[in-house]
Amino acid sequence: MSLYLELKKDKPAMLGIVIIIFFGSIAVFAPYIVPHDPLELNLEERLLSPTVDHPMGTDNLGRDVLSRVIYGTRVSLSMSVAVVTVVMVLGITIGTAAGYFGGLVDDVIMRVVDVLLAFPSIILALVIAGLLGPSLTNVMIALGAIWWVSYSRIVRGSVLSIKEKEFVEAARAMGCSDVYIVRRHILPNVLSPVIVLATLDMGHIILSIAALSFLGLGAQPPVPEWGTMLNEGRPFMETAPHLMIFPGLMIMITVLAFNFLGDGLRDALDPRMKEGAIK
Amino acid sequence: MKKFIARRLAIAVIVMLGASLLSFLLLYLAPGNPAHAILTAQLGHDPSLEEVAFFMAKHDLNNPFLVQCSQWLYMITHVNLGMSFRTGEPVLVEFIDRFPATFELASASMLIAVLIAIPVGILSALKQNSMLDHISRLVSLLGVSMPNFWLGLLLILFFSLKLGWFPCFGYGTLSHLVLPAITLGTGLAAPLMRLMRASMLEVLRQDYIRTARSKGLSEQVVMWKHGFKNALIPVITHMGMQIGHLLAGAVIVETIFAWPGVGKFLVDAIYARDYPVIQGFVLIIALFFVLSNLAVDILYTYLDPRIRYDVENGK
């Protein structure tokens, strides 16, 4: 509750929440609000500039850009939520195991983490997605396979400090099992940094999915994904700049909303990180 | 100090070994037969079974896993990354040929980023909560949220197609460099500016700044000698750590602007399933990344004598 009060004072964060809720509802109700079928071809109305009937114009196959952009919120939001969920589960499980058990388990996991961190993440994602073959599922697999690393590091760090606390010692002295201690005492305490990271990462993940799709490795036509739409519209850039502007704007606004919210959450949950303090 | 450097070096070696194993594993585990894909591209039709078998034998693709893996490790320890399936040239030569173009793009971008981020970051911190501060923070947040490739496309749209000031792709003259460098540079500038501002604000709050002021030094001396110099330390670290990310960002920017650098060659290799090139380039980029981070870590201890690494603080 106090978190909500804290956030309520933060105007950018509130704006972020409003935008996210708005786009989220657009994504859910897409089939009921689109003016046209996003996949319907209409060769007589190709590359139209924005009009009343087509507020964002039409693409090279005569499809309505507004309807495609609306369906695009569905693709981008559901994919990035899926990736973030997978990454959180993986990161929390692996990080908790490393921090709680320590010793050899910790050493092995941390060396794997070091090796994965030796690659710029987008390059590794690019290679994995490229090798698995172009598709949305493979982009999700590629991002999931590398993104858990930073989560497991943060979780491990907090588990290491929490497991030394008296209440954990007390629980152990009372004979609680490892599983019980982790679930009741450790997990609730590591969740807040992970949630901040996840919110900030939604933006990065949306950007990565769009970038990989733009390179032709993600969503395949005719799926209305924003990055794919930019890639498809590129050859017609000069005559139909609207194909370039709207999908890109959507990506930017969505990512901006998550960044606003992420910054706000970070300030609210960790006052030391506030304005001016070094990140 | 020596102990710290030795320890960091040892970890770097382990990580590099792991990275080379990983780059091998990635391609070994990849689905699909590379021979088939490459022959199809070369011949223009589906290859026969004999042709595929011949190709696999020629490139040692039939050997068992451990043999292939040790062959790979043997090769890289002898500075040999194999031959490109497509061009037939050694992978290392391909990399060295293309590196200057990427280096040019990366340094120009870094320069643009520094020229924007540091002055704006400092001004923003000195005039905290002013109009300028609000605008620059909003712009930097927009910069972080904007897809890099989209910015590149917009720049092409306005500055080369509409205004005709710069060529929209290619390589060679200074005017070819402008748009790609701005695209990559602004992406770097946004987080750098936020960091410069935060770091300056933090430093200005320190006791030694109050001491400097109270002993009557002029505001100029306080700001530049005591403030700016100390605030720069985390910014330099961040820039060092960005070197690897610059290479990664170059991949997309080079592809958009048909810039003949390392990144574009890697993307083309991925499309064509040119395994030795993918493996080799990924490995070199990782080594680059590890070494630049190592260099930053070591440099850091010289820049900021307060940091001591010989004290192992927990684990």
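Just so it is clear, the structure is predicted and the values come from calculations on it, not from any experiment. These numbers come from the heavy atoms of this one structure, side chains and all, not from hydrogens, waters or symmetry mates. Lettering follows sequence order; numbering is per chain, from 1.
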Self-check item: side-chain contact (heavy atoms from CB on, under 4.5 Å) between A:L160 and A:K163, intermediate numbers included
Solution: CA-CA 6 Å; A:L160 278 181; A:K163 89 172 172 183; 4.3 Å; yes

Quiz item: For B:L154 and B:F159, what are the C-alpha separation, side-chain angles and deciding distance, and is it a side-chain contact (heavy atoms from CB on, under 4.5 Å)?
Solution: CA-CA 8 Å; B:L154 290 183; B:F159 291 104; over 6 Å; no

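In A:E238, the CD atom is not crowded: 12 or fewer heavy atoms of neighbouring residues, nucleotides or ligands sit closer than 6.0 Å. Within a 6.0 Å sphere centred on CZ of A:F22, other residues, nucleotides and ligands contribute 12 heavy atoms or fewer.
Heavy-atom distances place both the backbone and the side chain of B:V144 under 4.5 Å from chain A. If you measure heavy-atom distances from A:L132 to chain B, the contacts under 4.5 Å come from both the backbone and the side chain. For B:L142, the parts lying near chain A are the backbone and the side chain together; criterion is any non-hydrogen pair under 4.5 Å. Contact of A:I206 with chain B is not made at all, since no heavy-atom distance falls under 4.5 Å. Proximity to chain A is absent for every atom of B:L17, based on heavy atoms less than 4.5 angstrom apart. Looking at A:I253, neither its backbone nor its side chain comes within 4.5 Å of chain B, counting heavy atoms on both sides. For a residue to count as touching a neighbouring chain, one of its non-hydrogen atoms must lie under 4.5 Å from one of that chain's; by this rule B:V15 touches chain A with backbone and side chain alike. Heavy-atom distances place the side chain of A:I128, and not its backbone, under 4.5 Å from chain B. Of the two parts of B:L157, the backbone and the side chain both hold a non-hydrogen atom closer than 4.5 Å to a non-hydrogen atom of chain A. Heavy atoms closer than 4.5 Å to chain B are found in both the backbone and the side chain of A:D114. Contacts of A:F214 with chain B are made by side-chain atoms alone, with heavy-atom separations under 4.5 Å and no backbone atom involved.
Taking a cutoff of 4.0 Å between a charged side-chain nitrogen and a carboxylate oxygen, A:D263 and B:R137 do not qualify as a salt bridge.
A distance of 6.0 Å or more separates the ring centres of B:F166 and B:F257.
Every residue two or more places apart in sequence or in another chain that forms a side-chain contact (heavy atoms from CB on, under 4.5 Å) with A:P221 is listed here: A:T228, A:E232.
Here B:L153 contributes atom CG and B:N148 contributes atom CG; the two are 10.5 Å apart, rounded to the nearest 0.5 Å.
Inter-residue side-chain proximity for A:S76 and A:E225 is flagged as met; some heavy-atom pair is nearer than 4.5 Å. Looking only at side-chain heavy atoms (C-beta outward), B:T255 and B:F149 stay at 4.5 Å or farther from each other. At least one side-chain heavy atom of B:L22 sits under 4.5 Å from a side-chain heavy atom of A:F119. Within the 4.5 Å cutoff, the side chain of B:I256 has heavy atoms near those of the B:I156 side chain.
Taking B:S23, B:P147, B:A12 one by one and counting their heavy-atom pairs under 4.5 Å with chain A, the maximum is reached by B:P147. Comparing A:G130, A:A129, A:A210, A:P120 by how many heavy-atom pairs each has under 4.5 Å with chain B, the most go to A:P120. Note on A:L249, A:L217, A:I122: by heavy-atom pairs under 4.5 Å with chain B, the leading option is A:L249. When each of A:L116, A:I245, A:T254 is checked for heavy-atom pairs under 4.5 Å with chain B, A:I245 comes out on top.
Considering every non-hydrogen atom in both A:E164 and A:E169, the closest pair reads O-OE1, 4.4 Å.
Within residues 275-283 of chain B, the residues having any heavy atom less than 4.5 Å from a heavy atom of chain A are, in residue-number order, B:Y275, B:I278, B:V282.
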